[in-house]
Peer 1: 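Below are the structure tokens for one structure; questions will follow.
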Amino acid sequence: VRPASDALYVSEFVPWSRFLTGKQGTAPIPAYDPMEYMIEVAHRNGMEFHAWLNPYRATTNLDTLSLSSWHVFNKHRDWVVQYGTKMYLNPGVPEARRHIVKVVEEIVNKYDVDGIHMDDYFYPYPIKDVPFPDSVEYAQYGEPYGSLGDWRRNNNDQLIEALAVAVKAKKPYLLFGISPFGVWRNKADDPLGSDTRAGARSYDDLYADILKWLNQGWIDYVAPQLYFNIGLEVADYETLLNWWRTHNYDRTLLIGQAAYKVGNNPEEAWQGSGEIAKQILLNRRYDDVAGSVFFSAKSLVNNALGFVDSLSEDFYKDRVLTAFDFPGEMTPAAPRLVRVKGTPEGVKLKWRLNEQAATNGFGLLPPDHYVVYRFPQGEPADISNASNIVFVSDLDGKYNCLIDKTTENGEVYTYAITAVNRFRNESKLSNMITVRKELGKVKRLKAARTKTKKQKKKKKTAMKAADTAF
């Protein structure tokens, strides 16, 4: 949403992106807000929307004449430096860092995003024999630090800490995550580093001390870009996977997968469609690997060598809830399933918002969305089994409805609903309704009732009174 100090959304601080309209600073006609639309569609389909920002990149080329008068290059030229073929906000300028925080605060306060995400671009990847032009700022601000590298890392530390505070200030359920370059440091640089010989390192070259950010609790998840194949001599995927499993400081660990390399890389492993599948199978051996992040979306759309078919048919055929939660927060009360009936299209369900959950005085705790479960006949009501999820539904007023079009005639199903709040904590199951699907109709079946302690006590008291009367 922020490719180059611009915006794919309505902003008071930065101009419209040229990637949207062709000219920076020009709003779309007719007027609309792309990010607002994307958030709406994502939530309607039970998905989270994390706004991905590039913090420091100011331009993608050196054509400054095409920049909007509102662009940071023209408004605050002293914040911007040229490095290679691009312009960058200088991380050594405190005002530039504060500007980035304001940009993020605007998104958090104005939009119903679920998270803020930044990738590996902090200081730019180094160009051989070309120093990054921040000597003036180092002379001004760097004296308390042991070296140029320590000062640069501290600049990024200050940005990440400030962003962590900004993201959580009004919406503590929001997630703040980073996708760093896959190698923090090589073991030759640091005994704590990975057993790799990578040419670039997050700590030494991008001045991003991701382990510090994790250890300090400034970020909620880390998604290292393990864009290497299994068995690569200088940076083996499995070696790095296990290194990040050991060094995630109990924060959520996702793995960045190189979808863009499938059929598009000289390494033999990427010439077939199976490398990503092997990597996912390796990830799933470990409970502390919560999932994958695929780069890029264009690569998924192009479906090189049909590898996306394998993802959808084998690995991601079931709907699931997100891998994040906040165990210390309260869970919402369960909703109530009020009606299940047959229609020509399928089985129609109607459920109701639990009023207690909506008025409990905690503004962040009411349900945010619902999960519709369907349990086959004879199977336990297991909500940990993703194959039992029929749909994840955004809120739609007091009553919510869904038509399950995936049923078969003659089959017996048990339906139940749960509620999930913005902290991603799930309620207990609602009441259950069991039905048999028939042509255009459903027949409701009686479920075995389990008496509560209160009901048993009431019956026992009544029997005792009857005995006394007799």
Side-chain angles (χ1 to χ4, degrees), residues 117-128 177-211 214 221-249 251-300 302-311 314-316:
H117 178 92
M118 291 183 178
D119 58 7
D120 54 322
Y121 291 100
F122 290 95
Y123 278 83
Y125 282 86
I127 301 170
K128 187 177 181 181
I178 306 286
S179 287
F181 181 70
V183 176
W184 174 72
R185 301 191 85 185
N186 295 318
K187 186 176 285 187
D189 307 313
D190 189 321
L192 194 62
S194 54
D195 189 11
T196 53
R197 301 192 308 280
R201 299 143 301 173
S202 177
Y203 181 95
D204 300 280
D205 299 307
L206 307 180
Y207 304 99
D209 189 358
I210 188 71
L211 294 196
L214 288 163
Y221 68 87
V222 61
Q225 298 174 8
L226 301 194
Y227 297 166
F228 317 100
N229 55 277
I230 297 171
L232 184 66
E233 187 176 350
V234 296
D236 170 50
Y237 180 92
E238 185 171 6
T239 297
L240 284 165
L241 173 69
N242 287 317
W243 187 88
W244 283 102
R245 289 181 54 236
T246 307
H247 297 87
N248 61 33
Y249 292 91
R251 313 308 280 181
T252 298
L253 173 63
L254 305 170
I255 302 300
Q257 316 285 165
Y260 72 97
K261 283 190 174 181
V262 177
N264 188 37
N265 187 274
E267 287 286 337
E268 184 179 351
W270 298 106
Q271 298 306 308
S273 61
E275 178 65 20
I276 294 286
K278 292 177 185 176
Q279 293 181 3
I280 295 173
L281 287 171
L282 192 57
N283 297 349
R284 291 187 176 183
R285 290 183 186 177
Y286 309 107
D287 292 337
D288 52 5
V289 179
S292 293
V293 176
F294 295 88
F295 183 82
S296 65
K298 180 171 67 174
S299 303
L300 299 183
N302 292 341
N303 191 19
L305 305 179
F307 87 101
V308 176
D309 297 333
S310 172
L311 296 184
D314 300 328
F315 293 104
Y316 300 105

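Because the structure is predicted, anything quoted here is derived from the model rather than measured.
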Peer 1: Which distance, rounded to the nearest 0.5 Å, do you find between the CD of Glu238 and the CG of Leu232?
Peer 2: 13.5 Å
Peer 1: Please check if any side-chain donor atom of Ser179 sits under 3.5 Å from a side-chain acceptor atom of Asp119, or the reverse.
Peer 2: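 No.
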Peer 1: Name all residues meeting the side-chain hydrogen bond (donor to acceptor under 3.5 Å, both in side chains) criterion together with Asp189; count only those two or more places apart in sequence or in a different chain, and write none if there are none.
Peer 2: Arg201
Peer 1: Which of these, Tyr249, Trp243, Trp244, sits in a ring pair (Phe, Tyr, Trp, His ring centres under 6.0 Å) with His247?
Peer 2: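 Looking at Tyr249, Trp243, Trp244, the match for His247 under the ring pair (Phe, Tyr, Trp, His ring centres under 6.0 Å) is Trp243.
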Peer 1: Under 3.5 Å, sequence neighbours excluded: what are the donor-acceptor pairs made by side chains of residues 259-274?
Peer 2:
residue	atom	partner	partner atom	Å
Lys261	NZ	Tyr227	O	2.6
Asn265	OD1	Glu267	N	2.9
Gln271	NE2	Asn265	O	2.1

Peer 1: Are any non-hydrogen side-chain atoms of Phe307 and Leu300 less than 4.5 angstrom apart?
Peer 2: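 Yes - at least one pair of side-chain heavy atoms lies under 4.5 Å apart.
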Peer 1: I'd like to know if the side chain of Thr246 and the backbone of Asn242 have a donor-acceptor N/O pair within less than 3.5 Å.
Peer 2: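 Such a contact is found between Thr246 side chain and Asn242 backbone.
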Peer 1: Do Pro224 and Leu240 come close enough that some side-chain heavy atom pair is under 4.5 Å?
Peer 2: no
Peer 1: What pairs with Tyr203 under ring pair (Phe, Tyr, Trp, His ring centres under 6.0 Å), at least two apart in sequence or on another chain?
Peer 2: Trp184
Peer 1: Hey, is the main chain of Val289 close enough, under 3.5 Å, to the side chain of Asn283 for a donor-acceptor pair?
Peer 2: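 No; zero donor-acceptor contacts below 3.5 Å.
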Peer 1: So does Phe181 get a backbone contact from the side chain of Ser202, meaning a donor-acceptor N/O pair under 3.5 Å?
Peer 2: no
Peer 1: Only counting residues at least two apart or in another chain, list the ones meeting side-chain hydrogen bond (donor to acceptor under 3.5 Å, both in side chains) with Tyr125.
Peer 2: Asp120
Peer 1: Find the distance between CG (Leu214) and OG1 (Thr252) and round it off to the nearest 0.5 Å.
Peer 2: 10.5 Å
Peer 1: Side chain of Asn186, backbone of Ala188: donor and acceptor closer than 3.5 Å?
Peer 2: no
Peer 1: Can you name the nearest heavy-atom pair linking Val183 to Ala200, along with the distance?
Peer 2: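 Where Val183 meets Ala200 most closely, the heavy atoms are CB-O, 4.1 Å.
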Peer 1: Arg197: which residues meet the salt bridge (Lys or Arg N to Asp or Glu O under 4.0 Å) condition with it, sequence neighbours left out?
Peer 2: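 Salt bridge (Lys or Arg N to Asp or Glu O under 4.0 Å) check on Arg197 returns Glu233.
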Peer 1: So with a 6.0 Å cut-off around OH of Tyr121, is the heavy-atom count from everything else above 12?
Peer 2: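 No - once you tally the heavy atoms of other residues, nucleotides and ligands closer than 6.0 Å, there are 12 at most.
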Peer 1: Ser292 and Ile280: which non-hydrogen atoms are nearest, and at how many Å?
Peer 2: OG-CG1, 4.5 Å
Peer 1: Should Phe315 and Ile276 be marked as a side chain to side chain contact (heavy atoms under 4.5 Å, CB included) after you check the CA-CA gap, both sets of side-chain angles, and the distance that decides it?
Peer 2: CA-CA 11 Å; Phe315 293 104; Ile276 294 286; over 6 Å; no
Peer 1: Any idea which heavy atoms bring Ala235 and Thr196 closest together, and the distance?
Peer 2: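 Looking at all heavy atoms of both residues, the closest pair is CA-CG2, 3.9 Å.
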Peer 1: Just wondering, do Leu211 and Leu192 contact through their side chains at under 4.5 Å, heavy atoms?
Peer 2: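 Leu192 reaches Leu211 side chain to side chain.
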Peer 1: List for me each residue that meets ring pair (Phe, Tyr, Trp, His ring centres under 6.0 Å) alongside Phe122, sequence neighbours excluded, and say none if there are none.
Peer 2: Trp213
Peer 1: Just by distance, do the side chain of Arg245 and the backbone of Tyr286 share a donor-acceptor pair under 3.5 Å?
Peer 2: no
Peer 1: Would you compute the distance between atom CD of Gln279 and atom CD1 of Ile230 and round it to the nearest 0.5 angstrom?
Peer 2: 5.0 Å
Peer 1: Testing the basics here: between Ile210 and Pro180, what is the closest heavy-atom pair and its distance to 0.1 Å?
Peer 2: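 Distance-wise, the nearest heavy atoms are CG1-CG, 4.0 Å.
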Peer 1: Counting only N and O atoms by type, is there a donor-acceptor contact under 3.5 Å from the side chain of Asp236 to the main-chain atoms of Gly231?
Peer 2: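 Checked: pair present.
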Peer 1: Indicate yes or no: at least one non-hydrogen side-chain atom of Ile255 is less than 4.5 angstrom from one of Tyr237.
Peer 2: yes
